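The structure under discussion appears below in the form of structure tokens.
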Amino acid sequence: MALHIYNSYTRKKEIFESITPGYVGMYVCGPTVSGESHLGHARPYISFDVVYRYLTYKKYKVRYVRNITDAGHFEEEGKEAEDKVSKKAQIEKLEPMELVQKYTNLFHWAMKQFNCVEPSIEPTATGHIVEQIVMIEDIISKGYAYEVNGSVYFDVKKYAASHDYGKLSGRVIDELLDAGNREDVSRELDGQQEKREAADFALWKAAPPEHIMRWKSPWGDGFPGWHIECSAMATKYLGSNFDIHGGGMDLLFPHHESEIAQSTICNHSAPVKYWMHNNMITINGRKMGKSYNNVIKLTEMFSGNHPLLTQAFHPMTVRFFILQSHYRSTLDFSSDALSASEKALKRLWDAYEVLKNLPVSNTTSPTDAELDSKITNWLNEFEIFMDDDFGSPRVIANMFEIAPIINSLKDGLIPFDAISASTLQKMKDSFHVFLEDVFGLTNVNDQNNELLNPIMQLLLDIRKEAKANKDFATSDKIRNQLTQLGILIKDDKEGNTTWGVA
RNA sequence: GGUCCUUUGGCCGAGUGGCUUAGGCAAAGCUCUGCAAAAGCUUCUACAGCGGUUCGAAUCCGCUAGGGACCUCCA
């Protein structure tokens, strides 16, 4: 089965065929580093990390570009929505770039916690002012943008006359053009008066004197509009046509719609073959976002320091939680749901550790052919499900089907010759590839170290001796006190004991 | 107001025409165990409501009700 991807642009699942065989260009809208990343931000970066990893698994050479939006270039500049970066900088008395650096570092830290692969290129908006200016000049020269009072706007009406503006987001162009006249749109958008049409969007904004972040341009001092950075940087690093563009669903309009318009004018063709959009993480059914005042920052997730959290959550728990739902579904956050994922991941990972240590026999003809073929089928479905628009939840479900079998093999409840050696080997290989390489999960309990292991072994030996002498007071003392320290003791059927962090 | 999406068992969450009682968590019982834990087994069989299409629908269509997203910065 070939990889199928749901294309937001056509609203259909399509067979994935890269533009250049063997290579994939992928652009994902990165964070605006004017504040701390929250749980909602984790969704796209983890989802597209898995996309990247899976494409790599499929032997594609992927160039993964994810930008850092570090220029305060917010299209709307009303009373509140002035350049967020510079505004906050004044409050915190920091240089804008100092603030940007701080949150960029924090973002990178979080990505590392999540075990996200670093993008091939991580361009910054401030590092590509020149490219953006050149692109804007190009759009002006082609007649699709106009300058007013030092600002430049994209002429949506003119573009829409010959192009399909609104197709990606399902907007109706007449309504967009008419938006300025509707009575329900009472917002006072800055620059609305100087725009020819309400639907026009800014390519370059003139900076008022107090605006700290500013660059020289042919139109005077200012800063780039919101959408142009992605067009400029995607074109620079991936070319006029590239394979995948990802981002959150909330970016469909106006951001991605505008990106298409800009790039189409400059490059004479639609920029992206497959548009992918992840859905939102909700909290009590409502999107997590600054505007709703319901965000849980990642630092709060990892520390448990938030009223809605009953405990701290490991980054891997969050990652697993996200992978347990499909990237195009909304995912409702709750502390209980996270706790459930935490336990589930532990169970799955424990089984995986057991699997890794199972000896591969030389069984060629399994005594339980039915079980053997069931397992084979579940394993084969790993790739089939992933090929179907990255169906990670179904892969995980299959892993849970296999987990009890692994444990039963270990405990001797299922004899080793029940399944063939090749099937067992395939289990080991598939679990490794999908759990670690594709899903990017890692061992949560990596506290094992050279000092601790021998000490634990010593304690377990003492406990074993005590048990042999029926000195249960001592053996229970060891077990109970270790439990209090957060270390679980597990006795198996053969009298062997293993331990793990709770 | 416009456009679009969504509604699954105690909770989270897959699944889109007929056989997945998906899976996880929780709960209960059992096995194992010195007792536990872990593990294994078993039970808990849902698809908002109404109508339609069909031999057959959670799955397609319509209506009703609830929820949500976008239309403005937003992952």
Side-chain angles (χ1 to χ4, degrees), chain A residues 11 28-32 34 37-48 72-78 80-81 84 166 169-172 175-176 178-179 182-185 187 189 199 226 246-255 277-282 285-292 295 320-321 324-326 328-334 336-345 347-348 350-351 354 385 391-401 403-408 410-411 413-414 467 470 472 475-476 479-480 483 488-493 495 497-500 502:
Chain A
R11 288 153 209 257
V28 174
C29 286
T32 301
S34 60
S37 298
H38 58 72
L39 179 60
H41 295 109
R43 187 102 191 253
Y45 305 130
I46 289 172
S47 297
F48 288 107
H73 58 178
F74 298 86
E75 184 197 13
E76 177 195 354
E77 282 212 307
E80 285 151 336
K84 285 187 188 169
S169 55
R171 286 309 108 111
V172 180
E175 282 175 14
L176 291 170
D178 202 36
R182 294 209 322 269
E183 75 260 2
D184 56 301
V185 181
R187 294 178 292 254
L189 303 181
W226 179 33
M249 271 185 183
D250 49 352
L251 297 181
L252 269 166
F253 189 89
H255 186 54
H277 291 92
N278 63 277
N279 214 319
M280 302 292 106
I281 287 184
T282 60
R286 169 156 266 128
K287 173 184 166 182
M288 186 178 286
K290 273 182 200 162
S291 0
Y292 298 114
V295 303
F320 188 68
F321 174 67
Q324 271 184 301
S325 73
H326 192 265
R328 282 190 291 111
S329 300
T330 56
L331 173 58
D332 200 49
F333 161 86
S334 71
D336 285 349
L338 260 297
S339 298
S341 287
E342 183 181 58
K343 283 172 188 155
L345 174 59
R347 190 170 125 75
L348 187 59
D350 283 352
V354 169
F385 289 155
S392 58
R394 299 162 78 188
V395 175
I396 290 171
N398 275 20
M399 289 176 168
F400 275 110
E401 295 279 9
I405 294 166
I406 293 169
N407 289 321
S408 295
K410 169 178 169 274
D411 289 339
L413 296 169
I414 295 175
K467 279 177 71 174
K470 300 224 186 294
F472 297 123
S475 67
D476 285 355
R479 184 177 69 196
N480 293 340
T483 304
L488 285 182
I489 300 295
K490 297 181 220 171
D491 297 324
D492 71 9
K493 299 251 192 298
T497 302
T498 54
W499 65 278

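What you see is a predicted model; the values in this text were computed from it and never measured. Numbers restart at 1 for each chain; the letters A, B, ... are given by sequence-line order, proteins then strands.
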What is the separation between atom [atom1] on [X] and atom [atom2] on [N], rounded to the nearest whole Å?
X: A:Ile489; N: B:C35; atom1: CD1; atom2: C1'; answer: 15 Å
X: A:Ile396; N: B:C25; atom1: CD1; atom2: P; answer: 13 Å
X: A:Leu413; N: B:C41; atom1: CG; atom2: P; answer: 8 Å
X: A:Asp350; N: B:A37; atom1: CG; atom2: P; answer: 16 Å
X: A:Lys343; N: B:A39; atom1: NZ; atom2: P; answer: 12 Å
X: A:His277; N: B:A69; atom1: NE2; atom2: P; answer: 17 Å
X: A:Asn278; N: B:A69; atom1: CG; atom2: P; answer: 15 Å
X: A:Phe320; N: B:C25; atom1: CZ; atom2: C1'; answer: 11 Å

Closest-nucleotide 5' rank along RNA chain B - winner of A:Asn407 and A:Met249: A:Asn407

Comparing A:Pro31 and A:Phe253 on RNA chain B - which has the more 5′ nearest nucleotide: A:Phe253

Give a yes/no answer on whether the side chain of [X] brings an N or O atom under 4.0 Å of OP1 or OP2 in [N].
X: A:Lys290; N: B:A75; result: no
X: A:Arg328; N: B:A75; result: no
X: A:Lys410; N: B:G40; result: no

Between [options], which nucleotide gets closest to the side-chain atoms of [X]?
X: A:Phe472; options: B:A22, B:G34, B:C25; result: B:G34
X: A:Lys490; options: B:G34, B:A38, B:A22; result: B:A38
X: A:Tyr292; options: B:A22, B:C70, B:A37; result: B:C70
X: A:Lys467; options: B:G24, B:G34, B:A75; result: B:G34
X: A:Ser408; options: B:A75, B:G40, B:A22; result: B:G40

Donor-acceptor under 3.5 Å (A:Asp332 side chain, A:Gly285 main chain): yes

Donor-acceptor pair, side chain of A:Ser47 and main chain of A:Pro44, under 3.5 angstrom: no

Protein proximity profile, nucleotides 27-32 of chain B - base contact B, sugar-phosphate-only contact S, no contact -, cut-off 4.0 Å on heavy atoms: -----S

Protein proximity profile, nucleotides 2-20 of chain B - base contact B, sugar-phosphate-only contact S, no contact -, cut-off 4.0 Å on heavy atoms: SS--------SSSS-----

[X] side, atom [atom1]; [Y] side, atom [atom2] - distance, nearest 0.5 Å:
X: A:Thr330; Y: A:Asn278; atom1: OG1; atom2: CG; result: 11.5 Å
X: A:Leu338; Y: A:Glu342; atom1: CG; atom2: CD; result: 8.0 Å
X: A:Ser325; Y: A:Ile396; atom1: OG; atom2: CD1; result: 9.0 Å
X: A:Met249; Y: A:Met280; atom1: CE; atom2: CE; result: 7.0 Å
X: A:Ser408; Y: A:Leu413; atom1: OG; atom2: CG; result: 5.0 Å
X: A:Trp499; Y: A:Lys490; atom1: CH2; atom2: NZ; result: 11.0 Å

Base of [N], side chain of [X] - is there a donor-acceptor contact under 3.5 Å?
X: A:Asp476; N: B:G34; result: yes
X: A:Asp491; N: B:A36; result: yes
X: A:Arg479; N: B:A36; result: yes

Evaluation steps, side chain to side chain contact (heavy atoms under 4.5 Å, CB included), between A:His326 and A:Asn279: CA-CA 9 Å; A:His326 192 265; A:Asn279 214 319; over 6 Å; no

Salt bridge A:Arg347-A:Asp350, side-chain N to carboxylate O under 4.0 Å: no

Atom P, compared across B:C61 and B:U6: separation rounded to whole Å: 10 Å

I'd like a table of atom pairs between the protein and nucleotides 45-47 of chain B - only N or O on both sides, under 3.5 Å - with the distance next to each one.
none

Minimum-distance pair of heavy atoms, taken over all atoms of A:Gly248 and A:His277: O-CD2, 3.3 Å

Paired and unpaired positions of RNA chain B as dot-bracket, Watson-Crick or G-U wobble under 3.5 Å, | denoting a partner strand: (((((((..(((..........))).(((((.......)))))....(((((.......))))))))))))....

Residues in side-chain hydrogen bond (donor to acceptor under 3.5 Å, both in side chains) contact with A:Ser341, at least two apart in sequence or another chain: A:Gln324

Ring pair (Phe, Tyr, Trp, His ring centres under 6.0 Å) against A:Phe320, all qualifying residues, sequence neighbours excluded: none

Sugar-phosphate only, base, or nothing, as touched by A:Met280 at under 4.0 Å among non-hydrogen atoms: base

